[in-house]
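Numbers restart at 1 for each chain; the letters A, B, ... are given by sequence-line order, proteins then strands. Only heavy atoms go into these numbers, but all of them, side chains included; no hydrogens, no water, no symmetry mates.
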Amino acid sequence: MSATRRREGLLGWLFVAPATLHLLVFALFPIGYAIYLSLFKWQLFKGTQQFAGLSNFAIAFREEAFWNALWNSARYALVGVPLGMVVALAVALLVNQRLPGMSVFRTLFYTPAISSGVAVAMVWIYVYLPETGLINSAIGLVNAVFGTRFPTSTDFLARSDLAMWMLVFMSVWTGLGPRMVLFLAGLVGIPQSIYEAAELDGAGRWRVLRSVTLPLLAPTTLFVLVTSSIGALQVFTPVYMMTRGGPEDTTDVIGYHIYNEAWVNFNMGLAAAKSLALFVIIAAVAAFQFRLMRSRLEGYSAT
Amino acid sequence: MRTARSMLSKALSYLALTALGAFLLAPFAWMVLVSLHPKRAPIPTLDRLVPPDPQWSNYSLVLLSENLPLSRFFLNSLFVTASVVVAQLLIASLAAYGFAKLRFRGSGLLFAVFIGSLMLAGPVVQIPVFLMARGFGWLDTYWALIMPGASSAFSVFLLRQFFMQLPRELDEAARLDGAGDFRIYWKVVLPLSRAALATAGAFIFFGVWTDFFWPLLSTSSTEMRTLEVGLSVFKNSYGGSYWPLQMTAAVIVMAPLLLVFLFTQRYFVKGVTLGGIK
């Protein structure tokens, strides 16, 4: 018996060996390597590595641009994630009804998520253009029909007070599909009998949503919250394609900031230090969300 | 009274969904319509959006352009994506079988490390993996584009969830017939998991095909660019002056994605249900 156990143990390791090796080489070793790099002052392509202790971290934390980037990412995530989740949940509730044609809508709403991020960014540059852009032309159309005089010259991506919110708005659009599908999966898991019981008790729609659907959906909500937050803190492509961090660094999010530090300034040690700071922030945010939701969940089961 | 209300609510639902669908599709529709305007035309206003004389020649112009070897980008994307899908399905399904069907010391901890890396490793590994690829001499080659994606914790997780749902009686029956684990994996579990493999494959396909950051970093010559990076280079080199041609290129990049999605869309709902938390 113990011989077969041992054989099974060996076999188990054999099966997971290729994936584990890959994990070691492309995830675990690089994390260690990043920690090592963060201790050196080093310009890629020129100069040698100089041991610098923790000074890269000290430099990063004293840099206004780094804090600005963190603040921008915080704004992007704190507004974009809740907004995206509320919209996705509303859409999931709509397409979860037993009505003909719902699967068509589900497919339709998923499309932005499988699209080329670069092509999508190119189209959204147009959406925000002054005068000829989709939003401004639509305003122009309203003006023509109703005789109003709303301005049609707003250059949404060039305004330092607006550009970030334009990226946020776009993220609601691109992130809708996966979030909706996750919520749908959660909704399907709620037993129909609970809804019937609530209806017998005379609960209205709003009440059912608040007292039955949302609490039972909490694990899904947590999962969506954590994955969306992690994604939002790493956003890169739309910033790279649409605003290049501007105007006046108001959309210089941390993912783009680190990219510049590493691949434009070539400060590899400093960039590694900043990426480690982001790593810690992401881990902390995820852990915090798990704790928060766990205490909420316990609250529900107690009442 | 009651039916009238439910009719109204149905009508409102459809109205909301259609409005949202139109909102989601508007940018795509615009992309296609603008791509058919004369190549030097300014951005059309909404009332002139439908081109009176569609310029299909834009497509042959972009497809055959020498500044933009789209066919080469397409072949690069195809080769890289196909290699990653095959490698990742193989490596991840092996690991998923190990985690789902075999008991071995340290498997719980190892699986937790996989999941942890899935959630956290993203931003930290870019610089080290680039330097490693440079050290291996992989930069600007297919190795750099393929190897980092040859396995992923996400696929391991997804396939493990599915393998755990397979009834144990099936592999026990095969075991009684004298089949070993590799045989059971290959002859029993994989054939039963076609839907799960298709799901994982679809996720991998879209993830790799539309990946932008890593191919941007790890390639530098035009011949090694993937479609996604090639499109961004095209956009930046034309600097916004030829909108119709830019949109033509965008449509060409989007078309294969939409086509593949049409055939695989049902797996997306399934995959998320599988990977989701229960």
Side-chain angles (χ1 to χ4, degrees), chain A residues 8-9 11-13 15-16 18-20 22-23 26-27 30-31 33-34 37 91 94 97 99 105 107-110 112 114-119 122-124 126-127 132 134 137 141 173 181-182 185 189 219-220 223 230 234 236-237 241 255 262-263 268 271-272 275-276 278-279 282-283 286, chain B residues 10 13 16-17 20-21 24 26-27 30-31 43 45-46 91-92 94-95 97-99 102-105 107 110 113-114 117 119-125 127-129 132 148 150-151 153 156 181 206 210 212-213 217 228 231-232 235 246 250 253-254 257 261 265 268-269 272-273 276-278:
Chain A
E8 193 179 322
L11 259 176
W13 276 101
F15 270 97
V16 301
T20 306
H22 187 276
L23 184 78
F26 290 102
I31 292 175
Y33 193 11
L37 279 172
V91 174
L94 277 176
Q97 301 173 92
L99 295 174
F105 282 114
T107 308
L108 195 68
F109 296 160
Y110 204 89
I114 54 91
S115 300
S116 144
V118 172
M122 283 164 68
V123 175
W124 277 79
Y126 151 75
V127 171
T132 45
L134 182 61
S137 329
L141 221 56
W173 184 84
V181 169
L182 281 165
T220 308
F223 187 75
I230 293 175
Q234 296 180 32
F236 175 77
T237 308
M241 292 298 297
W263 311 111
M268 306 316 272
S275 74
L276 283 166
L278 176 57
F279 175 87
I282 289 176
Chain B
K10 258 187 213 174
S13 294
L17 290 170
L20 193 70
L24 283 168
W30 184 83
M31 187 159 98
I43 298 173
T45 50
L46 282 186
I91 293 178
L94 276 168
Y97 182 92
F99 283 125
L102 298 168
R103 246 162 277 157
F104 59 97
R105 196 183 283 264
S107 73
L110 186 61
V113 173
F114 268 90
S117 82
M119 300 193 110
L120 300 175
V124 187
V125 300
I127 295 168
V129 171
M132 285 159 61
S151 167
V156 172
D181 276 288
F206 286 102
T210 63
F212 179 60
F213 193 83
L217 276 189
E228 192 75 355
L231 180 63
S232 85
K235 189 245 159 200
Q246 279 192 36
V253 170
M254 286 293 301
L257 285 167
F261 180 60
Q265 42 94 5
F268 280 88
V269 182
V272 184
T273 326
I277 40 305
K278 300 218 177 103

Asks: Check each atom of B:F104 against the heavy atoms of chain A and say whether the ones under 4.5 Å are side chain, backbone, both or neither.
Replies: both
Asks: Quick one: closest heavy-atom pair of B:A150 and A:H22, and the distance?
Replies: N-NE2, 3.6 Å
Asks: Side chain, backbone, both or neither: which part of A:I114 has an atom under 4.5 Å from a heavy atom of chain B?
Replies: both
Asks: Among the options A:P18, A:G117, A:S116, pick out the one with the most heavy-atom pairs lying under 4.5 Å from chain B.
Replies: A:S116
Asks: Is it the backbone or the side chain of B:S232 that comes under 4.5 Å from a heavy atom of chain A, or both, or neither?
Replies: both
Asks: Could you look at A:F236 and say if it's the side chain, the backbone, both or neither that has a heavy atom under 4.5 Å from chain B?
Replies: side chain
Asks: Looking at B:L217, B:I91, B:V156, B:V253, which one has more heavy-atom pairs under 4.5 Å with chain A than the rest?
Replies: B:L217
Asks: Could you check B:L24 against A:W173 for side-chain contact (heavy atoms from CB on, under 4.5 Å), going step by step and ending with a plain yes or no?
Replies: CA-CA 7 Å; B:L24 283 168; A:W173 184 84; 3.1 Å; yes
Asks: Do A:L99 and B:K10 make a side-chain contact, defined as non-hydrogen atoms from C-beta onward lying under 4.5 Å apart?
Replies: yes
Asks: Using non-hydrogen atoms and a 4.5 Å limit, figure out which bit of A:A286 sits close to chain B: side chain, backbone, both or neither.
Replies: neither
Asks: Kindly indicate whether the side chain of A:F109, heavy atoms from C-beta on, has any atom under 4.5 Å from the side chain of B:L17.
Replies: yes
Asks: Give, as side chain, backbone, both or neither, the part of A:L11 having an atom under 4.5 angstrom from any heavy atom of chain B.
Replies: both
Asks: Where does B:A92 contact chain A at under 4.5 Å (heavy atoms): side chain, backbone, both or neither?
Replies: neither
Asks: Looking only at heavy atoms, what is the nearest atom pair of B:G21 and A:L108, with distance?
Replies: CA-CD2, 3.7 Å
Asks: Do you know which two heavy atoms are closest between B:A250 and A:M122, and how far apart they sit?
Replies: CB-CE, 4.4 Å
Asks: Looking at CG of A:L276 and CD1 of B:I127, how far apart are the two atoms once the value is rounded to the nearest 0.5 Å?
Replies: 9.0 Å
Asks: What pair of heavy atoms forms the shortest contact from B:L257 to A:S115, and how long is it?
Replies: CD1-C, 4.1 Å
Asks: Minimum heavy-atom separation for B:G98 and A:V16, please, with both atom names.
Replies: CA-CG1, 4.2 Å
Asks: Who among A:W124, A:Y126, A:Y33 has the most heavy-atom pairs with chain B under 4.5 Å?
Replies: A:Y126
Asks: What residues form a side chain to side chain contact (heavy atoms under 4.5 Å, CB included) with A:P30, not counting sequence neighbours?
Replies: B:V125, B:P128, B:V129, B:M132
Asks: I'd like to verify something: which residue of A:W13, A:W263, A:F279 has the highest number of heavy-atom pairs under 4.5 Å with chain B?
Replies: A:W263
Asks: Kindly give the heavy-atom pair with the smallest separation between A:T107 and B:Q265, and that separation in Å.
Replies: OG1-OE1, 3.2 Å
Asks: Let's test your reading of the structure: which of B:L94, B:D181, B:L110, B:T210 forms the most heavy-atom pairs below 4.5 Å with chain A?
Replies: B:L94
